[in-house]
Amino acid sequence: MKLTLKIWRQAGPGKAGKMETYPIDGISPDMSFLEMLDVLNNKLVTEGQEPVAFDHDCREGICGACSLYINGEAHGPDRGVTTCQLHMRKFKDGDTIYIEPWRAKAFPVIKDLVVDRGAFDRIMAAGGFVSVNTSGNTLDANSIPIPKDDADKAFDAATCIGCGACVASCKNSSAMLFVSAKVSQLALLPQGRVEAQRRVLNMVEQMDKEGFGNCTNTGACEVECPKGISLENIARMNREYIKAGLLSES
Amino acid sequence: MGFFTSSIGRKIVMSLTGLFLITFLIVHLGVNLLTLVSAELFNEASHFMATNPLIQAMQYVLALGFVLHISQGIILQIRNKQARPQNYAMNKPATNSSWSSRSMILTGLLILLFLILHLKDYFWVMKFGEMPAGQTDYDLVTGLFQNKLYTLIYVASFILLGFHLDHGFQSAFQSAGVNHRKYTPMIRKIGRVYSLLMALGFSLIALYFSFAN
Ligand code: HEM
Ligand code: SF4
Ligand code: FES
């Protein structure tokens, strides 16, 4: 396949960047999108040019490291996959492909296509955990009966890999799908109920501090999410937040 | 951070004021449809609305509802723009969301313009203005539609309102935390029927009096 790539190049944080054009040839339709970028980078390095920086780790759709806004969509035109699982057969010979970093104030560009998603980590640190005493008498999680439906919903929410495609796709750069998945995976389980009230208040407060926008229920996040995280979670987070906001004593 | 200044708190305000305005529109359309029945009936209803103390009190609640809805809507829009300082060179929002869902501020602001025109020509005249001798509310309401441009502005606004409501109706439930595998599909359908009824109902009245006489 012969392609024309238009890639965002930016030397460092806060530097001015621009879209650069790179023609590329000899791409197999069986390559993954990241392998295609590897080919480009090999070429750039042999030509003595600076390779394109992009995030990746597992390359099998489980770590959430890869990102990329490809031809106007987060993780590209395919559904239910991350960029590392996207294959070049989804494109046609001769295509022009735009490749851009996630765009959000809360996700500043570090270099080229790499953005800083530390905001997600800080939201998790604000409450996305259960405090478990690990010294000695830990209970087996299975000793607490949990309705199958709740367990399934919690598991579905827990499949969020924190990639940030929801923020990137949202016209408001809202992080509500991510935060709601993280609130839900714990709020649905008895172990998570203990800190549920404090958790939702603190995580939403941190989300707002990071400068993410506000959900207007366009549903773009759900469509582009590689893990199919449902908007149901946002409604659940709002319920949890209303409950906590009304009942909290502080 | 206060509940009502948080992101979700503001959504709750949008949702509750939106649902309140949705209810108000049903009453408004109901009264207006009486113009199609008879002039007397409409004048009676209009007189009742203008004199009943409960309705008078509700006027202030309604005004507050509009002010909150519009101010929060504009604040949210500004914050949402700030959340993305740099736009994409290539973006395909139509692949993942509907036009009406992405255009709430546009349809909202155009409805606001319409609202100003509407209040100036009807509400202001009925409440504070001097009605010309022998002219009833009915004459005022139906008379303005003799102007074709006026009718066009009205009908266009009702269509925009329809789009605002088509997304707004179900969105208000979702924002308030009401999402259920069984009921949400039903809420979406009711929202679509409701928006169609509002857009068609109000337009029908304007068009009827524009072309009837
Ligand atoms: C009779 C008139 C109106 C009705 C019935 C109405 C109804 C609604 C409803 C039900 C929602 C959804 C709320 C939610 O998502 O929780 C909404 C959202 C919105 N409305 Fe209105 N609205 C009206 C007028 C206006 C006006 C005049 C503006 C002017 C700025 C406006 C701006 C907005 C905006 C920006 C949103 C999206 C906010 C968000 O989802 O975060 N609306 N409206
Ligand atoms: S909700 Fe989906 S799109 Fe958002 S971070 Fe989680 S996996 Fe990625
Ligand atoms: S590299 Fe791990 S999900 Fe794509």
Side-chain angles (χ1 to χ4, degrees), chain A residues 6 8 17 19 69-74 77 96-101 103-106 109 167-176 200-201 204-205 207-209 211-224 230-243 245-246 248, chain B residues 1-16 18 72-73 75-105 108 167-181 183-184 187-188:
Chain A
K6 301 217 178 248
W8 179 262
M19 300 297 289
Y69 213 71
I70 302 162
N71 267 353
E73 284 184 86
T96 298
I97 306 177
Y98 283 76
I99 311 169
E100 298 173 75
R103 293 289 186 203
K105 190 174 131 215
V109 172
V167 174
S169 319
C170 175
K171 76 174 184 63
N172 312 316
S173 297
S174 167
M176 287 214 189
V200 70
L201 292 174
V204 170
E205 183 176 347
M207 169 180 85
D208 290 352
K209 270 193 204 146
F212 291 105
N214 208 322
C215 176
T216 51
N217 302 323
T218 67
C221 53
E222 186 185 51
V223 174
E224 300 291 349
S230 163
L231 291 179
E232 280 175 22
N233 293 298
I234 298 186
R236 182 178 298 105
M237 172 172 71
N238 290 9
R239 287 200 295 278
E240 290 286 326
Y241 190 80
I242 296 168
K243 255 191 293 181
L246 293 179
S248 101
Chain B
M1 194 179 290
F3 182 81
F4 287 107
T5 50
S6 70
S7 52
I8 297 180
R10 287 180 197 275
K11 289 290 321 178
I12 307 295
V13 174
M14 279 314 279
S15 157
L16 295 182
Q72 289 299 321
I75 291 172
L76 285 175
Q77 170 67 15
I78 293 170
R79 291 173 162 241
N80 290 347
K81 278 278 157 228
Q82 286 169 344
R84 174 159 301 151
Q86 164 110 40
N87 273 322
Y88 293 105
M90 168 64 83
N91 201 1
K92 294 194 185 134
T95 53
N96 54 38
S97 54
S98 69
W99 180 84
S100 55
S101 75
R102 282 178 274 121
S103 315
M104 291 302 273
I105 189 68
H167 176 70
F169 192 96
Q170 51 85 30
S171 172
F173 286 89
Q174 165 79 8
S175 298
V178 182
N179 185 315
H180 189 278
R181 291 187 188 180
Y183 302 119
T184 295
I187 291 172
R188 284 174 186 275

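Keep in mind that what you see is a predicted model, and the values were worked out from it rather than measured. In what follows, every chain begins at residue 1, and chains take the letters A, B, ... in the order their sequences are listed. In what follows, every heavy atom counts, from backbone to side chain, and hydrogens, waters and symmetry copies are set aside.
Between B:I8 and A:V204, the closest heavy-atom pair is CD1-CG2, 3.7 Å. What you find for A:R239 and B:G177 is that their closest heavy atoms are NH1-O, 2.6 Å. When all heavy atoms of B:S175 and A:N217 are compared, the closest pair comes out as OG-ND2, 3.1 Å.
Not a single donor-acceptor pair under 3.5 Å links the side chain of A:R103 to the backbone N or O of B:Y88. A donor-acceptor pair is defined here as one N or O able to donate and one able to accept, closer than 3.5 Å; such a pair exists between the side chain of B:N80 and the backbone of A:N214. B:N179 places no side-chain N or O within 3.5 Å of a backbone atom of A:A235 that could act as its donor or acceptor partner.
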Would B:R79 and A:N172 count as a side chain to side chain contact (heavy atoms under 4.5 Å, CB included) here? Give the steps.
CA-CA 8 Å; B:R79 291 173 162 241; A:N172 312 316; over 6 Å; no
Does the pair A:L231 and B:Q174 meet the rule for a side chain to side chain contact (heavy atoms under 4.5 Å, CB included), with working shown?
CA-CA 9 Å; A:L231 291 179; B:Q174 165 79 8; 3.9 Å; yes
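The candidate from A:L246, A:V167, A:N71 with the greatest count of non-hydrogen atom pairs under 4.5 Å with chain B is A:N71. In terms of non-hydrogen atom pairs under 4.5 Å with chain B, the most contact-rich of A:T218, A:V223, A:I70 is A:T218. When A:C170, A:G211, A:P77 are compared by the number of non-hydrogen pairs under 4.5 Å with chain B, A:C170 comes out ahead. Contact count against chain B (heavy-atom pairs under 4.5 Å) is highest for A:K171 among A:K171, A:M207, A:M176. Per-residue heavy-atom pair counts under 4.5 Å with chain B were compared for A:S230, A:C215, A:S169, and the maximum is reached by A:C215. Per-residue heavy-atom pair counts under 4.5 Å with chain B were compared for A:A104, A:A168, A:P101, and the maximum is reached by A:A168. With chain A as the partner, the residue from B:P93, B:G9, B:S97 showing the most heavy-atom pairs under 4.5 Å is B:S97.
Going from atom CG of A:L201 over to atom CZ of B:F3 covers 9.0 Å, rounded to the nearest 0.5 Å. For the atom pair CD1 (A:I97) and CE (B:M90), the distance works out to 11.0 Å, reported to the nearest 0.5 Å.
Qualifying side chain to side chain contact (heavy atoms under 4.5 Å, CB included) partners for B:A176, counting only residues two or more places apart in sequence or in other chains: B:S15. Checked against side-chain hydrogen bond (donor to acceptor under 3.5 Å, both in side chains), A:R236 has the following partners two or more places apart in sequence or in another chain: A:S184, A:N233.
A:E100 is not listed as a side-chain neighbour of B:N91, based on a closest heavy-atom distance of 4.5 Å or more. By the 4.5 Å heavy-atom criterion applied to side chains, A:W8 and B:Q86 are counted as neighbours. Counting heavy atoms from C-beta outward, B:Q77 and A:T216 have side chains that stay 4.5 Å or more apart.
In this model, a donor atom of one side chain and an acceptor atom of the other lie less than 3.5 Å apart for B:S7 and A:D208.
For A:E224, the part lying near chain B is the side chain, with the backbone staying farther off; criterion is any non-hydrogen pair under 4.5 Å. Looking at B:T184, neither its backbone nor its side chain comes within 4.5 Å of chain A, counting heavy atoms on both sides. Heavy atoms closer than 4.5 Å to chain B are found in the side chain of A:Y69, but not in its backbone.
A 6.0 Å sphere centred on CZ of B:R102 holds more than 12 heavy atoms belonging to other residues, nucleotides or ligands.
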